[in-house]
Amino acid sequence: MDRQLILDLYEWAPGICFRHPECGEIPTALVAVLHPRGNGEHEVRACRCCVIAIEDARREMAARQGQAYIPGEIGARE
């Protein structure tokens, strides 16, 4: 699947990428919401580069396990 088609599956908003915080606020997609004990909610967000890297890893894992790869579901099954 084309890189841009994968990126289009996500909603983008300004945020801090969990792997690249030094970049500051950039377009990011929500990949998880953590609920630390006694500390509310914490969004984990990823930049475009990281979303593609995560999707590549998901595709490779699906292939190794003989399962279908469905893009756009980061966080949905983890």
Without swapping roles, check the side chain of Tyr10 against the backbone of Ile74 for a donor-acceptor pair under 3.5 Å.
yes

Value for NE2 (His42) from CZ (Phe18), rounded to nearest 0.5 Å, stands at 10.5 Å

Within the 4.5 Å heavy-atom criterion, are Leu7 and Ile52 side-chain neighbours or not?
yes

In short, Cys47 meets Cys17 closest at the heavy-atom pair N-SG, 3.4 Å

Sub-3.5 Å donor-acceptor pair from the side chain of Thr28 to the main-chain atoms of Trp12, do we have one?
no

Hey, is CD on Glu11 packed in by over 12 heavy atoms from elsewhere, all under 6.0 Å?
no

Closest non-hydrogen atom pair between Ala13 and Arg45, with its separation
CB-NH2, 3.6 Å

Rounded to the nearest 0.5 Å, what separates atom CD in Glu43 from atom CD in Glu41?
7.5 Å

Joint cluster assignment, Met61 & Val51, ILVMFWY side-chain distance < 4.5 Å
no

Tell me whether Val31 shares a hydrophobic cluster with Leu9, the cluster being built from Ile, Leu, Val, Met, Phe, Trp, Tyr side chains joined at under 4.5 Å.
yes

Sorted by chain and number, sequence neighbours left out, side-chain hydrogen bond (donor to acceptor under 3.5 Å, both in side chains) with Arg48 holds for none

State, with a plain yes or no, whether a side-chain heavy atom of Cys50 is found less than 4.5 Å away from one of His20.
yes

When you compare the side chain of Val33 with that of His35, does any pair of heavy atoms fall below 4.5 Å?
yes

Donor-acceptor contact below 3.5 Å, side chain Glu55 vs main chain Gly72:
yes

Are Ile6 and Leu30 connected, step by step, through hydrophobic side chains (Ile, Leu, Val, Met, Phe, Trp, Tyr) whose heavy atoms are closer than 4.5 Å?
no

Measure the shortest side-chain to side-chain distance between Ile16 and Glu25 over non-hydrogen atoms and say whether it is less than 4.5 angstrom.
yes

Polar side-chain atom of Arg59 near backbone of Ile70 as donor-acceptor pair, under 3.5 Å
no

